[in-house]
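Data first, discussion second: the structure below is written as structure tokens.
Each chain gets a letter, A, B and so on, in the order the sequences are listed, and its residues count up from 1. Being a predicted model, the structure only gives us computed values, none of them experimental.
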Number of protein chains: 4
Amino acid sequence: MTKREAILAAATMLFARQGYKGAAVSEIAEQANVAQGTIFHHFKSKENLLISICDDLVQSYIAGIREAASGPGSGWEALERVLKFNEKFSSDHHDSITVVFRETRDLSRSPGQINEHFCGLVNQIIDVKTQCIEKGIKDGSIRPVPAQLTALLVHFLLIGKFHVETEGLLEVPEMNAEFLEFCRRSLAAQAPSAVLDEDKCGG
Amino acid sequence: MTKREAILAAATMLFARQGYKGAAVSEIAEQANVAQGTIFHHFKSKENLLISICDDLVQSYIAGIREAASGPGSGWEALERVLKFNEKFSSDHHDSITVVFRETRDLSRSPGQINEHFCGLVNQIIDVKTQCIEKGIKDGSIRPVPAQLTALLVHFLLIGKFHVETEGLLEVPEMNAEFLEFCRRSLAAQAPSAVLDEDKCGG
Amino acid sequence: MTKREAILAAATMLFARQGYKGAAVSEIAEQANVAQGTIFHHFKSKENLLISICDDLVQSYIAGIREAASGPGSGWEALERVLKFNEKFSSDHHDSITVVFRETRDLSRSPGQINEHFCGLVNQIIDVKTQCIEKGIKDGSIRPVPAQLTALLVHFLLIGKFHVETEGLLEVPEMNAEFLEFCRRSLAAQAPSAVLDEDKCGG
Amino acid sequence: MTKREAILAAATMLFARQGYKGAAVSEIAEQANVAQGTIFHHFKSKENLLISICDDLVQSYIAGIREAASGPGSGWEALERVLKFNEKFSSDHHDSITVVFRETRDLSRSPGQINEHFCGLVNQIIDVKTQCIEKGIKDGSIRPVPAQLTALLVHFLLIGKFHVETEGLLEVPEMNAEFLEFCRRSLAAQAPSAVLDEDKCGG
DNA sequence: GATGAATGAGTTTTCATTCAT
DNA sequence: TATGAATGAAAACTCATTCAT
């Protein structure tokens with residue numbers, strides 16, 4: 001592990017636990033086993049360090065859901081893969097994601113490009129989900145819902161879940177199956193229960 | 001407006017915009033048109049000021065959803081009222097809610113009682129929703145789903161929506177109708193969506 | 001002596017001896033017997049402290065030469081009073097003047113108003129001298145020289161003397177009489193020696 | 001241009017603009033297109049770099065006025081050549097001279113030899129001027145003035161002019177002729193000014 | 001000779017809090 | 001109740017210098 005990587009790791013952990021403002025650069029340096037100056041040698045400022053962490057994570061998330069969305073099968077199946085990828089990604093990058101969620105608000109206030117940069121990335125995330133839903137509507141695997149609004153709603157679910165989980169006020173049990181089922185009932189055209197419904201009105 | 005109220009209002013606004021750590025007591029004093037010392041007269045410390053804001057808000061939220069949940073009609077109707085109350089509450093207390101969401105994480109780390117206090121409050125919120133769903137399952141207005149997990153999922157949706165809206169990275173359009181519909185399709189038994197389904201197959 | 005005055009005195013002494021950059025705020029605080037924070041309570045920044053010192057001094061210098069220039073008698077006598085005032089002022093405010101001369105260059109680079117502010121003050125100083133010379137030319141006490149350029153030359157002499165004296169590389173003996181004589185020979189129309197000259201060509 | 005020269009050039013420019021303390025070694029390195037380490041290879045320390053600049057300049061100045069002073073003609077003519085050389089030297093070495101003037105004060109405080117070294121150099125400068133004046137008094141081209149004090153006064157004029165010009169607070173017009181004339185009126189015996197006087201009275 | 005990563009002491013500045021009035 | 005001057009610990013950041021390559 002290079003010093004640069006050690007710094008990123010230490011900062012990620014401390015930002016996640018104590019927040020950006022709550023984690024002193026001196027703490028990060030100590031945790032990473034480097035001198036304070038070394039941090040400013042690699043990242044010109046504390047804020048830059050935060051941006052690096054956020055940027056790295058968002059980029060890799062986007063790459064991941066792109067790949068998940070682009071696989072074979074129906075639109076609903078693509079969306080399911082995206083949701084499952086999301087779950088795995090969450091547990092693999094727990095700290096970095098916490099950082100991004102905690103500090104996005106301050107990042108979005110900072111001047112100029114950074115704000116726009118992150119806006120662009122988040123919009124890409126919504127776009128991928130929207131495309132899955134549109135595809136699903138076309139191929140009949142998803143009900144005829146407003147695609148973009150629905151993508152937003154799914155996004156809310158994911159964001160909300162993560163916030164609640166990392167907040168630490170509520171004990172959140174394992175619930176992936178139920179999570180998927182909740183979405184499926186609302187979105188999928190031919191869910192098991194829908195089959196029963198159709199049976200009932202018997203075409 | 002008393003000085004105490006002016007301080008609370010100023011602090012709420014500044015904590016929402018700049019975060020708890022990012023808002024200096026001197027700024028709050030200036031914004032509230034009082035001397036710094038006055039703040040420490042009314043609230044013993046800066047943290048106390050934050051706790052006041054959070055506590056006031058959470059208490060009034062709980063009272064609100066309790067009332068919404070306790071009205072007449074089916075469980076689904078009660079849940080619908082809770083969701084609508086939530087929407088109105090969100091727009092009425094935008095800044096205070098932002099504060100609570102931004103700072104919950106740090107409150108939950110602070111020692112002893114505060115943590116437990118807020119845990120208790122949040123659990124009450126989940127409980128109200130769970131009870132609506134249980135009631136709905138009994139009276140047939142809601143599908144037979146695991147009540148508590150489903151209450152959590154609805155909670156995720158609400159939390160996620162608020163986070164995304166206040167983050168400022170994504171333009172969130174008005175979508176209350178779609179929000180309700182999304183939940184209804186997933187939760188409500190037969191009736192509304194079934195009607196549509198019946199229309200389709202019964203043409 | 002108020003704390004504010006103690007800070008100004010300590011800063012003046014240290015800026016004079018070690019330069020603006022060379023004098024740490026912590027040193028100033030120690031010397032003034034106040035806490036570091038107190039300095040930032042009274043002057044918002046270190047630079048502000050410097051500006052206060054410079055401004056106070058330049059203002060009082062301008063008031064002084066204005067008074068000296070406005071007395072009775074010929075233009076040359078007014079100029080002589082200005083030069084004598086200058087001498088006294090130099091020894092009375094040795095440290096502050098050193099600060100102004102050492103740091104003017106950086107002040108003149110700082111943005112916006114400060115630069116223009118000090119430009120205005122220095123121009124006023126030149127103006128007073130120019131007016132003395134113009135008056136002297138009119139009343140016949142000073143030779144017909146270009147008034148403004150000559151004011152500048154006298155200014156150079158004063159500035160140069162002060163720089164050399166405070167630099168500490170050269171031992172500068174008491175030389176006020178010679179200083180005045182040097183100017184008088186160059187400027188005064190009816191200097192003793194000029195009288196002799198005129199006698200010589202005896203109309 | 002060797003790397004050593006590039007470093008000297010960059011340092012001279014930056015020291016002149018920002019002062020010795022205000023110019024970081026990293027800035028100099030960047031400006032000179034070398035690595036930071038290279039600077040410490042050629043000059044053992046930052047202070048050494050400053051001393052190099054100052055020393056080079058002062059040496060070449062002394063050589064220049066020595067040559068100017070040693071030419072043929074009267075003492076006044078020698079002094080005139082010295083003043084003219086000074087003028088040309090000022091415009092040729094604007095930045096280095098600014099550095100010397102800005103930082104002399106700190107050099108003169110630094111311990112031991114450096115102080116004495118520069119004292120010696122400056123005294124040599126005064127000596128050359130004194131010798132011109134002494135020679136002029138002997139050969140009748142300069143009035144019978146106290147030679148050393150007068151040399152100092154001429155020195156003040158030169159130093160003052162350069163400080164005011166480089167300070168940037170005052171617009172200094174071209175004024176070489178007037179500068180010489182100012183000195184001539186004060187110092188030169190009879191001749192030129194006497195001619196004018198004679199013209200006037202002898203009309 | 002040349003490099004640039006690494007250092008840690010030192011700098012200015014911020015800020016919650018106290019307390020005499 | 002209200003004030004605001006005073007504090008000092010802690011923060012982010014700078015920078016001359018060293019040294020392994």
Side-chain angles (χ1 to χ4, degrees), chain A residues 2-4 6-7 20-30 32-50, chain B residues 2-4 6-7 20-30 32-50, chain C residues 2-4 6-7 20-30 32-50, chain D residues 2-4 6-7 20-30 32-50:
Chain A
T2 67
K3 300 227 163 191
R4 194 178 191 279
I7 293 166
Y20 172 67
K21 295 237 162 139
V25 174
S26 61
E27 274 180 290
I28 299 172
E30 194 181 16
N33 243 4
V34 301
Q36 272 198 61
T38 309
I39 293 182
F40 290 91
H41 179 70
H42 285 285
F43 308 87
K44 286 207 81 160
S45 67
K46 192 189 179 190
E47 200 189 6
N48 240 313
L49 181 50
L50 173 60
Chain B
T2 67
K3 300 221 165 193
R4 192 177 193 282
I7 292 166
Y20 172 69
K21 298 231 164 149
V25 174
S26 62
E27 267 182 296
I28 299 171
E30 194 183 16
N33 247 355
V34 300
Q36 272 198 65
T38 310
I39 292 181
F40 287 87
H41 234 289
H42 287 282
F43 307 86
K44 275 204 74 155
S45 68
K46 191 189 179 189
E47 199 186 10
N48 260 343
L49 183 49
L50 173 61
Chain C
T2 67
K3 300 225 165 192
R4 194 178 190 278
I7 292 166
Y20 172 68
K21 296 238 162 137
V25 174
S26 61
E27 274 179 290
I28 299 171
E30 193 182 16
N33 242 6
V34 300
Q36 272 199 64
T38 309
I39 293 182
F40 289 90
H41 179 69
H42 286 285
F43 308 87
K44 290 206 79 162
S45 67
K46 192 190 179 189
E47 199 189 6
N48 240 312
L49 182 50
L50 173 61
Chain D
T2 67
K3 300 223 163 191
R4 194 178 191 281
I7 293 166
Y20 172 68
K21 297 232 164 149
V25 174
S26 62
E27 268 181 294
I28 299 171
E30 194 182 15
N33 248 356
V34 300
Q36 273 198 64
T38 309
I39 292 182
F40 288 87
H41 234 288
H42 287 282
F43 307 87
K44 275 203 76 153
S45 67
K46 192 190 180 189
E47 200 187 9
N48 258 343
L49 184 48
L50 173 61

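By the side chain to side chain contact (heavy atoms under 4.5 Å, CB included) test, B:Asn48 pairs with B:Phe43, B:Lys44, B:Ser45, B:Ile51, sequence neighbours left out. Shown here are the ring pair (Phe, Tyr, Trp, His ring centres under 6.0 Å) partners of A:Tyr20, two or more places apart in sequence or in another chain: A:Phe15. Under the rule for a side chain to side chain donor-acceptor pair (under 3.5 Å), C:Glu30 has no partner lying at least two apart in sequence or in another chain. Under the side chain to side chain contact (heavy atoms under 4.5 Å, CB included) criterion, B:Ala29 pairs with B:Val34, B:Gln36, B:Ile39, sequence neighbours left out. Shown here are the side chain to side chain contact (heavy atoms under 4.5 Å, CB included) partners of B:Ala35, two or more places apart in sequence or in another chain: B:Thr38.
Computed from coordinates, the B:Glu27 CD to E:dC15 P distance equals 7 Å when rounded to whole Å. In this structure, C:Glu30 atom CD and F:dG8 atom P are separated by 13 Å, rounded to whole Å. A straight line from CD1 of C:Ile39 to P of E:dT12 spans 10 Å, rounded to a whole angstrom. Distance D:Phe43 CZ to E:dA2 P: 11 Å, rounded to the nearest Å. Atom-to-atom, CG of C:Asn48 to P of E:dT12 comes out at 14 Å; the value is rounded to the nearest Å. Counting to the nearest Å, the C1' atom of F:dA6 and the CG atom of C:Asn33 are 13 Å from each other.
Of the side-chain N and O atoms in A:His41, none sit less than 4.0 angstrom from OP1 or OP2 of F:dT14.
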Which parts of nucleotides 16-21 of chain E does protein reach within less than 4.0 Å, heavy atoms only, written one letter per nucleotide 5' to 3' as B for base, S for sugar-phosphate only and - for none? SBB---

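Counting all heavy atoms, side chain and backbone alike, D:Ala6 lies closest to D:Ala32 at O-CB, 3.6 Å.
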In dot-bracket form, how is DNA chain F paired, counting a Watson-Crick or G-U wobble pair only if both its distances are under 3.5 Å and using | for bases paired to another strand? .||||||||||||||||||||

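In this structure, NE2 in C:His42 is found 5.0 Å from CD1 in C:Ile7, a value given to the nearest 0.5 Å. Annotation: the span from C:Lys21 atom NZ to C:Lys46 atom NZ amounts to 8.0 Å, rounded to 0.5 Å.
Checking E:dA5, F:dA5, F:dT7 against the side-chain heavy atoms of A:His42 singles out E:dA5 as nearest.
Looking at heavy atoms from C-beta onward, C:Ile28 lies in side-chain contact with C:Leu49 at the 4.5 angstrom threshold.
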